[in-house]
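Okay, so here's the structure we're looking at.
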Amino acid sequence: MNRCEWPKANESMIHYHDTEWGVPVHNDVKLFEFMVLDAFQAGLSWQIVLKKREAFRQAMDNFDPHRIANYGKETLAQLLSNPEIIRNRLKLEAAISNANAFIRLQDKSGSFDRYIWQFTDYTTQQNQWQHMGEIPSRSPSSDAMSKSLIENGFKFVGSTICYAFMQAAGMVNDHVISCFRYDQIRALAQA
């Protein structure tokens, strides 16, 4: 079975690639989860973040933005002392701040899904990469998304982070065309 090269032999990365990466997401809480996790990936590998994902879910109320928006100093201190997650104060503070910005965008747009998918014209962009080396780390769409998110009060949402979010949330199909998931994701996006 042919798949993208990036999961290598890591079982959790293979599982993520084979079942989740690139699948179009339209659930607001799931979109917020990817937004938080992609921010934590800054300067780290996705493998590290993925390994700590379940601990993040437990520590951060299953990524419920309404609960996270109300985190105070005591909850932040608990998170900073939790060895199971990535304990970066700036990223944790950004997650709390971003939860508030997320809720404002939900209220303004009707849903975060409606807001965020505008950057790909409400459809999955079907790329046709032959090799992993062709896949960009950013795009005009991720540049526009980053600019808009920053204007709406988000932090840790540079264009590269936004592009990783777009890949995770299925806004772009960046499986190489020889990967068995490429056609599956294409079909999901058209359903």
Side-chain angles (χ1 to χ4, degrees), residues 7 10-119 124 145-146 148-150 152-158 161-172 181 185 188-189:
N10 182 284
E11 287 301 317
S12 62
M13 294 282 278
I14 290 170
H15 182 265
Y16 174 72
H17 169 276
D18 291 359
T19 62
E20 200 170 353
W21 192 66
V23 174
V25 174
H26 295 285
N27 175 284
D28 274 10
V29 174
K30 186 73 166 176
L31 289 167
F32 183 69
E33 176 180 343
F34 281 136
M35 187 70 61
V36 171
L37 293 176
D38 282 315
F40 272 94
Q41 183 186 354
L44 301 171
S45 73
W46 181 247
Q47 185 174 338
I48 291 169
V49 175
L50 193 59
K51 183 178 178 182
K52 295 183 177 282
R53 183 183 196 182
E54 194 54 44
F56 269 115
R57 283 182 178 145
Q58 292 175 15
M60 298 183 77
D61 293 298
N62 288 312
F63 297 103
D64 181 335
H66 294 277
R67 295 184 73 133
I68 294 171
N70 290 311
Y71 285 0
K73 290 180 183 178
E74 186 177 310
T75 306
L76 179 60
Q78 289 171 353
L79 292 170
L80 287 167
S81 67
N82 184 339
E84 301 299 316
I85 66 169
I86 298 164
R87 297 176 289 174
N88 180 300
R89 177 180 289 278
L90 291 177
K91 291 177 183 179
L92 286 166
E93 289 173 343
I96 297 165
S97 173
N98 287 354
N100 284 286
F102 184 92
I103 292 165
R104 286 192 301 272
L105 276 178
Q106 279 182 315
D107 292 344
K108 181 178 170 183
S109 302
S111 71
F112 188 75
D113 175 64
R114 186 172 296 129
Y115 161 79
I116 206 69
W117 277 83
Q118 72 178 310
F119 297 101
T124 300
M145 180 190 296
S146 173
S148 178
L149 286 168
I150 290 168
N152 281 284
F154 282 77
K155 298 174 182 167
F156 281 94
V157 288
I161 289 172
C162 286
Y163 196 76
F165 170 85
M166 292 170 70
Q167 291 172 314
M171 297 174 73
V172 294
R181 286 293 280 164
I185 296 297
L188 281 172

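What you see is a predicted model, and the numbers here were worked out from it, not measured in a lab.
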### Message
With side-chain contact (heavy atoms from CB on, under 4.5 Å) as the criterion, how do Met171 and Thr124 come out once you've worked through the C-alpha distance, each side chain's angles and the decisive distance to 0.1 Å?
### Response
CA-CA 5 Å; Met171 297 174 73; Thr124 300; 5.9 Å; no

### Query
Is there a side-chain contact between Asn152 and Lys108 (heavy atoms, below 4.5 Å)?
yes

### Task
Check Leu79, Leu92, Leu76 against Tyr71 for a side-chain contact (heavy atoms from CB on, under 4.5 Å) and give me the one that passes.
Leu79

### Task
Determine, stepwise, if the pair Phe102 / Phe112 fulfils ring-ring contact (aromatic ring centres under 6.0 Å, His included).
CA-CA 7 Å; Phe102 184 92; Phe112 188 75; 4.3 Å; yes

### Task
Would you indicate whether the side-chain heavy atoms of Thr75 and Ile96 approach each other to under 4.5 Å?
no

### Query
Going through the checks in order, is the side-chain contact (heavy atoms from CB on, under 4.5 Å) test met by Asp113 and Asn27?
CA-CA 7 Å; Asp113 175 64; Asn27 175 284; over 6 Å; no

### Task
Measure the shortest side-chain to side-chain distance between His66 and Ile103 over non-hydrogen atoms and say whether it is less than 4.5 angstrom.
yes

### Message
So for atom CZ, which belongs to Arg87, do other residues, nucleotides or ligands contribute more than 12 heavy atoms lying within a distance under 6.0 Å?
### Response
yes

### Ion pair check, Arg181 and Glu20, cut-off under 4.0 Å
no

### Message
Checking the side chain of Asp61 only, and the main-chain atoms of Asp64 only, is there a donor and an acceptor separated by less than 3.5 Å?
### Response
no

### Message
I want to check something: taking the side chain as every heavy atom from C-beta on, are Asn98 and Lys155 in contact at a cut-off of under 4.5 Å?
### Response
yes

### Message
According to ring pair (Phe, Tyr, Trp, His ring centres under 6.0 Å), who are the partners of Phe34, at least two apart in sequence or on a separate chain?
### Response
none

### Message
If you define the side chain from C-beta out and look only at heavy atoms, does anything of Leu188 sit under 4.5 Å from Val23?
### Response
yes

### Query
What's the spacing between Met60 CE and Arg67 CZ if we round to 0.5 Å?
12.0 Å

### Query
Going from CG on Asp38 to CE on Met166, what distance comes out if it is rounded to the nearest 0.5 angstrom?
11.5 Å

### Query
Would you say the side chain of Met145 lies within less than 4.5 Å of the side chain of Tyr163, judging by non-hydrogen atoms?
no

### Query
Going through the distances and angles, do Glu33 and Arg53 end up as a salt bridge (charged side-chain N to carboxylate O under 4.0 Å, His left out)?
CA-CA 9 Å; Glu33 176 180 343; Arg53 183 183 196 182; 2.8 Å; yes

### Query
Under 3.5 Å, is there a donor-acceptor pair between the side chain of Trp117 and the main chain of Val25?
yes

### Query
So, the side chain of Ser109 versus the backbone of Leu105: is there a donor-acceptor pair under 3.5 Å, distance only?
yes

### Query
Which pair of non-hydrogen atoms, one from Phe32 and one from Ala95, has the smallest distance, and what is that distance?
CZ-O, 3.9 Å

### Residues forming a side-chain contact (heavy atoms from CB on, under 4.5 Å) with Asn70, sequence neighbours excluded
none

### Query
Is there side-chain contact between Phe165 and Val157, with heavy atoms separated by less than 4.5 Å?
no

### Task
Please step through salt bridge (charged side-chain N to carboxylate O under 4.0 Å, His left out) for the pair Lys51 and Glu84, ending with a clear verdict.
CA-CA 10 Å; Lys51 183 178 178 182; Glu84 301 299 316; over 6 Å; no

#### Entry: Ser97 versus Gly153, closest heavy-atom pair with distance
OG-O, 4.0 Å

## Note on the structure
When every non-hydrogen atom of Ala99 is compared with those of Pro65, the smallest separation belongs to CB-O, 3.4 Å

### Task
Under the side-chain contact (heavy atoms from CB on, under 4.5 Å) rule, what do Lys91 and Gln41 come out as? Steps first, then yes or no, please.
CA-CA 10 Å; Lys91 291 177 183 179; Gln41 183 186 354; over 6 Å; no

### Message
Donor-acceptor pair, distance only, cut-off 3.5 Å: does the side chain of Asp28 make one with the backbone of Gln106?
### Response
no

### Message
Measuring from atom SG of Cys162 to atom CE of Met35, what distance do you get when rounded to the nearest 0.5 angstrom?
### Response
6.0 Å

### Task
Apply side-chain hydrogen bond (donor to acceptor under 3.5 Å, both in side chains) to the pair Ser148 and Tyr115, showing each step before the final yes or no.
CA-CA 10 Å; Ser148 178; Tyr115 161 79; 2.6 Å; yes

### Message
Given 3.5 Å as the limit, does a donor-acceptor pair link the side chain of Arg57 with the main chain of Asn62, or not?
### Response
no

### Message
Are Phe40 and Phe156 packed together at the side-chain level, in the sense that at least one heavy-atom pair is separated by less than 4.5 angstrom?
### Response
no

## Note on the structure
Rounded to the nearest 0.5 angstrom, the CG-CD1 distance for Asn100 and Ile68 is 10.5 Å

### Query
Atom CD1 of Ile161 and atom CG of Leu37: how far apart are they, to the nearest 0.5 Å?
12.0 Å

